[in-house]
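When a ligand or atom number is given, it counts from 1 through the structure's own listing order. Index from 1, following the sequence.
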Amino acid sequence: MDVFGETIVVGAGIGGLAVALALRRHDINVHVIEQADKLLDVGAGVQISANGFLVLNALGVGSACSRAAVKAHAVELIDHKTAQTVCALDIEKYNKGLTHLMMHRADLINILFEECINAGVSFSFSERVMSVSNDTKPEIVSSSDRYCPEVVICADGIHSVGRESLFGKVAPYFTGHVAWRALVPNTTDHPDVARIYMGPKKHVVTYPIRSRSVLNLVLIEERDTWAKESWSEQGDADILRRSFCEFNLGIGDLLSKVQTPHVWGLFRHPVAKKWYEGGVVLLGDAAHPTLPFMAQGANLALEDAWVLAKCLSNTSLTKTDLQAYQDMRKKRVERIISVAEGNAWKYHLTFPPLRWAAHRTMWAMSQVMPGRMVEKFDWIYRYDATAET
Ligand SMILES: Cc1cc2nc3c(=O)[nH]c(=O)nc-3n(C[C@H](O)[C@H](O)[C@H](O)COP(=O)(O)OP(=O)(O)OC[C@H]3O[C@@H](n4cnc5c(N)ncnc54)[C@H](O)[C@@H]3O)c2cc1C
């Protein structure tokens, strides 16, 4: 049996790496166990909104992330058929001083990983955690070892073994949405904005990443048939093209360039009722899987990481510290998740007169009070977890 210092993090995703780095900033020894054999160039685009960026900045990787990302000036809502802008939310103008980045998930992972190595975090790869328990003390059984650290942070994503070991299996339900994602070479003049094309029962999000050389596409459709909840499931490009053939993306035939899309079913998992047991604690998607309609999954994991590290930096950890972490995070997370859930139907209106009226209302509001359209999300984007703690 090995003992790895004080803290073991399960999972080297955005949440796991960020919390490991944050703990090292408090001089706490950390070891990370990751099931993959290395951090591959997998995934696609991820949006880091201002609330997530504030954490990255406080961790000392803000500049590296800004260099690797494209800075978003606005979010544009667009009609799927005419490709006409319904309204543009000018985040640069109305969120003055805040940074919203669009980047490849793998670039963010690499930046965090390198900084973890520089800060002295140790890693095991190709090691899968099989169970986590907390009978008298935290204990991990993995594919190759058994550990008894002081604290276990389960940052092991939507199918968290930690959450299941502690609190039993949850039964997520299929939301009736399937999301495709694809990267295509960018040969267009797509501006530095996130575009959302709204159509009946479907919407498409496009934005540039990697110095604008690549366009990230996320295509969401309502469907009765189930799709696997996995980030690595490949889909059929022809089915995707048929499904979205009525979309006019306005800047060339982007869909014809899609070669190997990925497809995943969107499932609703309840937010964990309790986020810790003894010295075992959940973070990121392990505690609160988040639908992608507000692009907040990675940002919430970053906020969790900062707050949890701060609570654990208390030299004599008590239950109260982990309760404080849960108290600081749970309500906010639940509120954002419920806003995200409500967004899909607004994009997907089917009845043409209703869609027309909704789009006209959005257009009118963006003309009359453009600042208000951005400011109503201040509680999400202007939130600073690093100041809060
Ligand atoms: C491969 C992959 C690709 C993704 N691509 C995108 C994307 O393109 N765009 C986007 O917005 N979001 C993407 N996400 C999701 C997004 O990163 C998360 O929703 C968000 O960042 C919260 O991250 P997290 O750290 O909580 O969980 P995750 O990012 O899911 O990380 C969990 C980590 O734990 C590891 N792990 C899981 N189980 C075990 C175990 N039993 N033992 C050891 N290790 C384990 C996983 O391999 C993974 O590295 C992706 C996630 C993954 C895993």
Side-chain angles (χ1 to χ4, degrees), residues 8-21 31-49 52 55-56 101-110 112-113 123-132 140-145 147 152-165 179-183 194 205 207 209-210 214 216-218 220 229-234 261-264 266-267 269 272 275 281-305 308 329 333 336-337 340:
I8 290 189
V9 175
V10 184
I14 293 170
L17 293 172
V19 77
L21 183 54
H31 183 76
V32 179
I33 300 177
E34 167 57 47
Q35 64 184 2
D37 57 352
K38 55 183 173 204
L39 298 177
L40 294 164
D41 193 16
V42 291
V46 65
Q47 294 190 54
I48 299 299
S49 51
V55 174
L56 292 171
L101 301 179
M102 304 175 291
M103 66 194 299
H104 197 297
R105 180 181 181 271
D107 296 339
L108 175 55
I109 291 278
N110 283 333
L112 286 168
F113 178 62
F123 285 85
S124 320
F125 286 100
S126 301
E127 184 171 351
R128 181 170 164 72
V129 167
M130 315 302 281
S131 72
V132 180
I140 294 176
V141 177
S142 80
S143 46
S144 52
D145 220 326
Y147 308 93
V152 177
I153 300 174
C154 302
D156 50 347
I158 38 177
H159 302 297
S160 171
V161 167
R163 178 171 173 171
E164 187 175 333
S165 305
W180 300 78
R181 70 160 204 268
L183 297 175
V205 182
Y207 55 85
I209 56 172
R210 290 196 160 155
V214 175
N216 184 64
L217 311 184
V218 182
I220 297 190
E229 189 183 33
S230 159
W231 288 100
S232 51
E233 195 71 8
Q234 284 213 355
H262 285 81
V263 62
W264 82 103
L266 299 181
F267 284 68
H269 301 240
W275 290 24
V281 55
L282 308 178
L283 176 145
D285 281 358
H288 48 76
T290 308
L291 294 172
F293 306 132
M294 286 297 289
Q296 281 299 300
N299 297 294
L300 290 177
L302 288 169
E303 290 179 6
D304 287 354
L308 179 58
R329 301 298 305 143
V333 161
I336 291 179
I337 288 176

Scanning both residues in full, the closest heavy-atom pair of Val46 with Tyr207 reads N-OH, 3.2 Å
Specify the protein heavy atom at minimum distance from atom 27 (O) of ligand 1: its residue, its atom name, and the distance to 0.1 Å. Gly157 CA, 3.7 Å
Only heavy atoms count here, so choose which of Ala44, Gly284, Gly45 is nearest to atom 9 (N) of ligand 1. Gly45
Taking side chain to side chain contact (heavy atoms under 4.5 Å, CB included) as the definition, give me every residue that meets it alongside Pro292, ordered by chain and number, with sequence neighbours left out. Ile220, Leu266
Grab the two heavy atoms, one from Ala287 and one from Leu282, that are nearest each other, plus how far apart they are. CB-CB, 3.8 Å
Between Glu127 and ligand 1, find which residue part has any heavy-atom pair under 4.0 Å and reply side chain, backbone, both or neither. backbone
Could you list the atoms of ligand 1 found under 4.0 angstrom from a heavy atom of Val161? 41 (N)
Looking only at protein heavy atoms, which one is nearest to atom 1 (C) of ligand 1, and what is the separation? Val42 CG2, 3.8 Å
Any Ala36 heavy atom less than 4.0 Å to ligand 1: no
Look only at the side chain of Thr290 and the backbone of His288, and say whether a donor-acceptor pair between them is shorter than 3.5 Å. yes
Would you mind checking which non-hydrogen protein atom is closest to atom 29 (O) of ligand 1, with the distance to 0.1 Å? Arg105 NH2, 2.9 Å
Where do Asp304 and Gly284 come nearest, in terms of heavy atoms and distance? OD2-N, 2.9 Å
Please state whether the rings of Tyr147 and His31 are parallel, tilted or perpendicular, taking 30° and 60° as the class boundaries. tilted
His104: what forms a side chain to side chain contact (heavy atoms under 4.5 Å, CB included) with it, not counting sequence neighbours? Asp41, Ala106, Asp107, Leu183, Ile209, Arg210
Which protein heavy atom lies closest to atom 44 (N) of ligand 1, and at what distance to 0.1 Å? Gln35 N, 3.1 Å
Among all protein heavy atoms in this structure, tell me which lies nearest to atom 26 (O) of ligand 1, with the distance rounded to 0.1 Å. Asp285 N, 2.9 Å
What's the shortest distance from atom 25 (O) of ligand 1 to any protein heavy atom, and which residue and atom give it? Gly15 N, 2.8 Å
Can you report which non-hydrogen protein atom sits closest to atom 31 (O) of ligand 1, along with the distance? Gly13 CA, 3.5 Å
Heavy-atom nearest pair, Leu283 first then Ala301, reads CD2-O, 4.2 Å
Heavy atom of the protein closest to atom 49 (O) of ligand 1 (residue, atom name, distance): Glu34 OE1, 2.7 Å
